[in-house]
Amino acid sequence: MTTTTDLSGGPGLPQERKLVTAIPGPKSEELMARKLAAVAQGVGSVMPVFAQRAGGGVLQDVDGNSLIDFGSGIAVTSVGNSAEAVVRRASAQLTQFTHTCAMVTPYEGYVEVCEELAKLTPGDHAKKSALFNSGAEAVENAVKIARYHTGRQAIVVFDHGYHGRTNLTMALTSKSMPYKHGFGPFAPEIYRVPVAYPFRWLTGPEHCAEEAAAQAIDQIVKQVGAGNTAAILIEPLLGEGGFIEPAKGFLPRIAEFAREHGIVFIADEIQSGFCRTGQWFASEDEGIVPDLITTAKGMAGGLPLAAVTGRAEIMDAAHAGGLGGTYGGNPVACAAALGAIETMRELDLNAKARRIEEIMKPRLRKLAESHPVIGEVRGRGAMLAIELVEPGTKNPDTKATAALAKACHQEGLLVLTTGTYSNVMRFLPPLVIGEDLLHEGLDILEGALTRL
Ligand code: PLZ
């Protein structure tokens with residue numbers, strides 16, 4: 001095992017898995033007792049360990065355990081934790097000023113991030129951006145902009161879609177428990193239509209794209225009216241819904257329908273963007289050029305920053321003062337984003353993501369052959385997943401998924417679950433993770449599956 005140090009996370013952080021206590025260890029248990037007393041229970045935690053340091057492909061807890069990170073803080077630390085360029089640029093900014101409010105006196109970093117977004121997002125048309133703090137806030141603003149631009153109200157979203165936890169984005173999100181249950185009433189003028197989910201399409205995957213697109217369009221036309229529809233909002237690779245890759249042909253057909261009817265096509269790339277799938281944006285896979293695109297997560301190496309980027313004429317629709325927020329595009333977060341983007345270019349993290357797929361997918365497929373609990377292996381780049389079912393059926397096996405995750409956690413592998421039926425295990429390693437750690441993580445998964 002190589003134990004190269006210093007893929008950030010501070011000097012001398014060994015790139016190795018090491019368990020020195022049970023998971024959780026005593027210090028984590030002590031902190032967890034304090035958390036339970038002081039933090040609202042609605043804010044859950046996947047693993048009961050408290051973080052101390054993280055970098056490269058590992059996360060070290062307060063007891064000195066070093067975990068292999070297959071989660072990246074939910075697809076955020078793609079460049080690694082405390083990546084050198086992120087720390088360098090954000091630190092320099094911290095010494096200059098921490099906040100002026102971009103709406104009061106702007107600063108260059110904000111503009112530079114918007115210039116980068118114009119360059120990196122799909123399409124060579126004139127583009128503009130606005131910056132925010134969280135993914136949900138970006139989605140809310142994309143909806144505001146689309147409504148203003150079209151003078152229409154209806155927003156079309158899809159089965160298994162996830163767009164956030166604020167009031168409007170709860171309405172846009174499809175899964176009730178835990179995201180919406182008890183939190184209504186929800187925002188009006190949101191309409192949900194089918195998505196091409198090949199594994200669960202009743203007539204089979206072959207006709208899925210065509211049939212799902214026809215159903216979705218028919219529902220929009222009949223139930224909403226194309227002329228009333230401001231925007232169609234979709235994740236080109238659905239994240240919280242279960243890492244669903246819409247069957248090929250579905251996205252282009254929906255985008256074409258939007259174009260024909262003057263509907264703003266919004267791609268939510270908050271989870272799938274910024275090299276995660278082996279391309280700058282997952283939309284590129286089928287040559288989709290969204291009118292608006294929402295980004296966050298991987299963009300700023302762990303600092304809170306989000307954006308809406310899109311066609312200049314749409315972005316400029318709203319009046320001056322109509323968009324904004326006190327902290328949106330915070331200067332330290334902008335500096336971090338510029339550092340993260342620099343790292344993505346320098347280390348060619350798109351190639352790294354594709355390499356991660358090359359290593360992981362064949363091994364996951366092999367596991368699926370010997371473990372019928374794995375119904376499907378899917379995803380692209382470093383956004384991969386297995387869907388767990390009761391063997392021989394497509395019935396979601398939520399219990400097996402939770403048990404498998406727990407078993408991996410006990411062995412020092414941080415994995416996350418996802419999916420409408422909570423039966424998908426997803427793999428989102430930092431793109432800078434070492435190949436030895438990837439293999440070791442997969443060994444742990446294999447052992448846990450075999451014992452399951
Ligand atoms: N759109 C596609 O994936 C955030 C949320 C996890 P925020 N996904 C992880 C959880 O349980 O809260 C997400 C996303 C897509 C929007 C969002 C929302 O981004 O930064 O969490 O608001």
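In listed order, ligands and their atoms are each counted from 1. Quantities reported herein were computed from a predicted structural model and do not represent experimental measurements. Position 1 is the first residue of the sequence, and the numbers go up from there.
- To the nearest 0.5 Å, the span separating OH on Tyr191 from CZ on Phe158 amounts to 15.0 Å.
- In terms of protein heavy-atom proximity, atom 19 (O) of ligand 1 is closest to Gly135 CA, 3.3 Å.
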Could you walk me through whether Phe427 and Phe243 pass the ring-ring contact (aromatic ring centres under 6.0 Å, His included) check? CA-CA 10 Å; Phe427 308 107; Phe243 282 27; 8.7 Å; no
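- Of all protein heavy atoms, the one closest to atom 9 (C) of ligand 1 is Lys297 NZ, 3.0 Å.
- A salt bridge links Arg426 with Glu240: the distance from a Lys NZ or Arg NE/NH1/NH2 to an Asp or Glu carboxylate oxygen falls below 4.0 Å.
- Protein heavy atom closest to atom 6 (C) of ligand 1, with residue, atom name and distance, is Ile74 CD1, 3.8 Å.
- Given atom 3 (O) of ligand 1, the protein heavy atom at minimum distance is Gln271 NE2, 2.9 Å.
- Interface of Ser134 with ligand 1, defined as ligand atoms under 4.0 Å from a residue heavy atom, comprises 20 (O), 22 (O).
- A distance-only check finds no donor-acceptor pair linking the side chain of Asn65 to the backbone of Asp61 [under 3.5 Å].
- For a threshold of 3.5 Å applied to N or O pairs, the pair formed by Ala136 and ligand 1 contains at least one separation below that value.
- Distances between N or O atoms of Tyr162 and those of ligand 1 include at least one value under 3.5 Å.
- Nearest non-hydrogen protein atom to atom 1 (N) of ligand 1 is Asp268 OD2, 2.7 Å.
- Checked against the 6.0 Å centroid criterion, the rings of Phe97 and Tyr107 qualify as a close aromatic pair.
- Remark: ligand 1 atoms within the under-4.0 Å shell around heavy atoms of Glu235 are 2 (C).
- A salt bridge does not link Lys394 with Glu387: every distance from a Lys NZ or Arg NE/NH1/NH2 to an Asp or Glu carboxylate oxygen is 4.0 Å or more.
- Protein heavy atoms all stay at least 4.0 Å away from atom 21 (O) of ligand 1.
- Between Glu29 and Lys35 there is no salt bridge, since no side-chain nitrogen of the basic residue lies less than 4.0 Å from a carboxylate oxygen of the acidic one.
- In terms of protein heavy-atom proximity, atom 12 (O) of ligand 1 is closest to Arg165 NE, 2.7 Å.
- The backbone N or O of Gln60 sits nowhere less than 3.5 Å from a side-chain atom of Arg53 that would complete a donor-acceptor pair.
- For Glu269, the closest heavy-atom approach to ligand 1 does not fall below 4.0 Å.
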